Visitor: 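Below is a structure I'd like to ask you about.
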Amino acid sequence: MIRMLVLIPVALAQPTSAAPLFEDVSQALPKHQYTGGWEHFVGGGLSAFDCSGDGLPDMVAAGGSSPLLLLKNVSDTGKLAFVSAELPMEITQTTGVYPLDIDADGVLDVYVMRVGPDKVLRGGPDCSFEDVTQSWGIPQTDQWTTSFTAWWTEDMAFPTMAIGHYVDRTDPEGPFGTCDNNTLLYPTGDQAPYYTPHVLNPGYCALSMLAAHDARGRLSLRISNDRHYYVSGGSEQLWDVETERFLSQEDGWPTVSLWGMGIASRDLTGDQRDEVMLTSMGDQLMQIAQVDGTYRNAGYDFGTYAHTPYLREDGRPSTGWHATFADVDNDAHVDLFIAKGNVDQMPGMAMLDPNNLLMQGADGRFTEAGDTAGVADTARSRGAAVADFDGDGLLDLAVVNRRADMRLYRNITSNAGQWAKVQLEGAPTNRFAIGARVIITADGTLQSQQVTIGGGHAGATLLPLHFGIGTAQEATVQVQWPDGTLGGLVKVGAAATLNIRYPH
């Protein structure tokens, strides 16, 4: 069990008066689009992680009917640049990809989600990969994989992986009402990874999964589902990892049904309980974690519903996909990016649907800045990655689009605040410390982040945790490790990366 920390009051950081601004540098990318028919209306994930070992985030982008693309980062400070890198084979029919260190060798592998049999590529030096799908026992079914997450338990040498499936394409009664079951992959043995599948049902067309400590402080599997296909009887789901059961209203888990597309989570209040953002067609739902372990929906004045396009050229409802929390101006108030775009040609939904950049103010509310910040693209966006691609301390943005070129934006915000990064080295079986929480305090403001893999829409980042710290020149850092161990207090200076190793 992970124990909760004593709550520390949160003070407001001094404002930095920075207006976010991004420069479109998409010409620094090879041409890439997420393409395909109705099986690729969803998906289009993008993941960012360092596979070259040079400290700069590389990327892998799903291609749908186009090949999966590995992008190696060759940026210099102040200039972003990526080149295509070779994979062991051409992989098509991909919906998304997630990085994680499955075999505990300290090098990130990738789980490739596909329409059809999934693949796992084992990471090697300098962004080299080998196909280990068969040798690691990854199920080879014709299912339509659209979501993924993973977690570690103390009694297992390798991670448990959850695989979310969409519509059962073999059901002649489909597609409506024919959501497929999901799959749990449990590791067997302790010498090398090998996986045994177990059915997790009912499934309601999962488009995002996230394993994380919930508002109760318990490890749980959150599943966001698309009611477009489950039609009735389904809802959002929370599966308790320890008791291996879905929570119900009797557990304080409300019935929530929406066109679920993506999940983002982050502690926005400093109480070490993560708020949760659920993207959807129509309203984007923010759930605020409560002291009693439940969630309440944020009010409309919170500023995160983002239910229609803010450019006002198209008044129909928006469609949200990938969401991620990130402090793009480093003012110690975490902001929110949401990739938007029509499924394809759905007439009831907006076609000119710009991506959101919602800036959090000192009062905790969010205000739209996508247009003035330069990221109001109206392509059919899907996956995204917010990461410091050139190492200058400002978080940049990459976006995968359906049937449109991939976008890359360099953060050029002037007068931004200071920042600090934290890189964890976990226990030997969980080298990237998935499940840990990093708590950082600067100028009286407490922030925390969990280390997770999953959520988003079909992709995620696994990088040093980035914190904006406003005008502070140093911060105090503490780590709650996945097994509950609470580390000591460590100082980190502004504009620095702190490396912390598991103490045992």
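This one's a predicted model, so the numbers in the text were calculated from it and none came from an experiment.
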Visitor: Partners of Asp371 by side chain to side chain donor-acceptor pair (under 3.5 Å), sequence neighbours excluded?
Guide: none
Visitor: Considering non-hydrogen atoms only, spot the tightest contact between Met161 and Ile138 and give its length.
Guide: CE-CD1, 4.2 Å
Visitor: Answer yes or no: is there an ion pair linking Asp214 with Arg222, defined by an N-O contact shorter than 4.0 Å?
Guide: no
Visitor: Quick one: list whatever passes ring-ring contact (aromatic ring centres under 6.0 Å, His included) with Phe389, sequence neighbours left out.
Guide: Phe82
Visitor: Who passes salt bridge (charged side-chain N to carboxylate O under 4.0 Å, His left out) against Asp274, sequence neighbours left out?
Guide: Arg437
Visitor: Residues two or more places apart in sequence or in another chain: which of them pass side chain to side chain donor-acceptor pair (under 3.5 Å) with Gln290?
Guide: none
Visitor: Applying salt bridge (Lys or Arg N to Asp or Glu O under 4.0 Å), run through Arg431 and Asp101 and close with a yes or a no.
Guide: CA-CA 7 Å; Arg431 299 283 291 274; Asp101 183 8; 5.3 Å; no
Visitor: Among Thr279, Asp226, Leu278, Thr319, which residue meets the side chain to side chain contact (heavy atoms under 4.5 Å, CB included) test with Trp259?
Guide: Asp226
Visitor: Who passes side-chain contact (heavy atoms from CB on, under 4.5 Å) against Thr160, sequence neighbours left out?
Guide: Trp151, Met156, Tyr186, Pro187
Visitor: Checking Asp301 now: which residues fulfil side-chain contact (heavy atoms from CB on, under 4.5 Å) with it, not counting sequence neighbours?
Guide: Arg365
Visitor: Can you list everything that forms a ring-ring contact (aromatic ring centres under 6.0 Å, His included) with Tyr502? Sequence neighbours excluded, please.
Guide: Trp481, His504
Visitor: I need the Asp377 CG to Asp24 CG distance, nearest 0.5 Å.
Guide: 8.0 Å
Visitor: What residues form a ring-ring contact (aromatic ring centres under 6.0 Å, His included) with Tyr409, not counting sequence neighbours?
Guide: none
Visitor: What pairs meet the salt bridge (charged side-chain N to carboxylate O under 4.0 Å, His left out) rule with one or both residues in residues 489-499, with sequence neighbours excluded?
Guide: Glu474-Lys491
Visitor: Which distance, rounded to the nearest 0.5 Å, do you find between the CZ of Arg122 and the CZ of Phe129?
Guide: 11.5 Å
Visitor: What pairs with Asp109 under side chain to side chain donor-acceptor pair (under 3.5 Å), at least two apart in sequence or on another chain?
Guide: none
Visitor: Might you confirm whether atom CH2 of Trp419 has over 12 heavy atoms from other residues, nucleotides or ligands at distances under 6.0 Å?
Guide: yes
Visitor: Any donor-acceptor pair under 3.5 Å linking the side-chain atoms of Ser381 with those of Asn401?
Guide: yes
Visitor: Quick one: do the Asp267 and Ser448 side chains pair a donor with an acceptor below 3.5 Å?
Guide: yes
Visitor: Return the CG to CG distance between Leu238 and Leu221, rounded to the nearest 0.5 Å.
Guide: 7.5 Å
Visitor: With a 3.5 Å distance limit and no angle check, can you tell me whether Asn415 reaches the backbone of Ala18 through a side-chain donor-acceptor pair?
Guide: no
Visitor: Do Asn499 and Glu425 meet the criterion of a side-chain donor-acceptor pair at a distance under 3.5 Å?
Guide: no
Visitor: To the closest 0.5 Å, what do you measure between CD (Gln449) and CG (Asp327)?
Guide: 9.5 Å
Visitor: Can you list everything that forms a ring-ring contact (aromatic ring centres under 6.0 Å, His included) with Phe148? Sequence neighbours excluded, please.
Guide: Tyr98, Tyr111
Visitor: Taking atom types as modelled, is there a side-chain donor on Glu236 or Ser224 under 3.5 Å from an acceptor on the other?
Guide: yes
Visitor: Nearest 0.5 Å, what's the CG-CG distance between Asp329 and Leu357?
Guide: 9.0 Å
Visitor: For Thr413, which residues count as a side chain to side chain donor-acceptor pair (under 3.5 Å) partner, sequence neighbours excluded?
Guide: Asn411
Visitor: Determine the minimum heavy-atom distance between Gly487 and Gln478, stating which atoms define it.
Guide: O-NE2, 2.9 Å
